[in-house]
Amino acid sequence: LNALQDARELEGAVQREHDQLQTVLASIGDAVCVIDNEDQIILMNEAAERLFEKDLAKMVGRPVKDLYRVFKGNRELLGKERPSAVSRQTGKTRRVGLEDYLFIETSRGRRFPAIQVISPLIGAGTHGLVIVMRDVTVEKQVDESKTNFISIASHQLRTPLTAIRWLTELLVKETKGKLEPQYESYVDD
């Protein structure tokens, strides 16, 4: 009887922990996907469902390649080139940022730049990976706009500044000795 009661209490504790985990996952704004050692999807949160346009119930147990593919520029990363494979092989967390120029392509063909944090689930050996991912299309556009603005602004300012410099040099040359010392100092400055 005590064993049965202990089992029920343990079952209740496991259910509470499961509910807490589900609440935590649902509250995370970034896509979270947990995969096993065979790259099969174990768990996804609602943000991942929205990002990849897939139903969680249909994706559990399926290969992660059915969810998305990884590209560097126009070249698909396969096998050991994938950031998840690198993290699995090294046993260390792998961070993929904007500077890595990686793109995710969903199974529906939508492609977007993404940042990722890939962490191994380690216990007695590696049991899988937790992949946290965010679409950074807007951030990438802002970064490109900033770069373009700086390039255009520096080019647009260079021409008038060069003309001002030439005219100032001419003014210094032509007025040397003809102005009062105070004004000559201003022209030199």
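Along the sequence shown, residues are numbered consecutively beginning with 1.
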With a sphere of 6.0 Å drawn around [atom1] of [X], does it hold more than 12 non-hydrogen atoms of other residues, nucleotides or ligands?
X: R95; atom1: CZ; value: no
X: N74; atom1: CG; value: no
X: Q40; atom1: CD; value: yes
X: E144; atom1: CD; value: yes

Evaluation steps, side-chain contact (heavy atoms from CB on, under 4.5 Å), between L67 and I41:
CA-CA 9 Å; L67 190 61; I41 298 167; 3.9 Å; yes
T106 side-chain N/O to F52 backbone N/O, donor-acceptor pair under 3.5 Å
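A pair under 3.5 Å: no.
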Derivation of the salt bridge (Lys or Arg N to Asp or Glu O under 4.0 Å) call for K140 and D143
CA-CA 5 Å; K140 190 157 182 70; D143 188 53; over 6 Å; no
Is any NZ, NE, NH1 or NH2 atom of the basic residue among [X] and [Y] found under 4.0 Å from an Asp or Glu carboxylate oxygen of the other?
X: R165; Y: E169; result: yes
X: R75; Y: E81; result: yes
X: D135; Y: R110; result: yes

Quick check: is V70 connected to Y101 through a chain of hydrophobic side chains (ILVMFWY, heavy atoms under 4.5 Å apart)?
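No.
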Linking I/L/V/M/F/W/Y whenever their side-chain heavy atoms sit closer than 4.5 Å, directly or via other members, would L77 and F112 fall into one cluster?
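The answer is yes; both residues are in one hydrophobic cluster.
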Are E49 and D55 close enough that some pair of their side-chain heavy atoms sits under 4.5 Å apart?
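The answer is yes; the side chains approach within 4.5 Å.
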Which atom of K80 lies closest to which atom of V86, heavy atoms considered
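Residues K80 and V86, closest heavy atoms: O-CG2, 3.8 Å.
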Knowing that exactly one of I118, I131, L129 qualifies, which makes a side chain to side chain contact (heavy atoms under 4.5 Å, CB included) with P83?
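For P83, the side chain to side chain contact (heavy atoms under 4.5 Å, CB included) check succeeds only for I118.
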Nearest-0.5 Å distance that lies between atom OH in Y68 and atom CG in L51:
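Going from the OH atom of Y68 to the CG atom of L51 covers 10.0 Å.
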S107 and K54: side-chain donor and acceptor closer than 3.5 Å?
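Short answer, yes.
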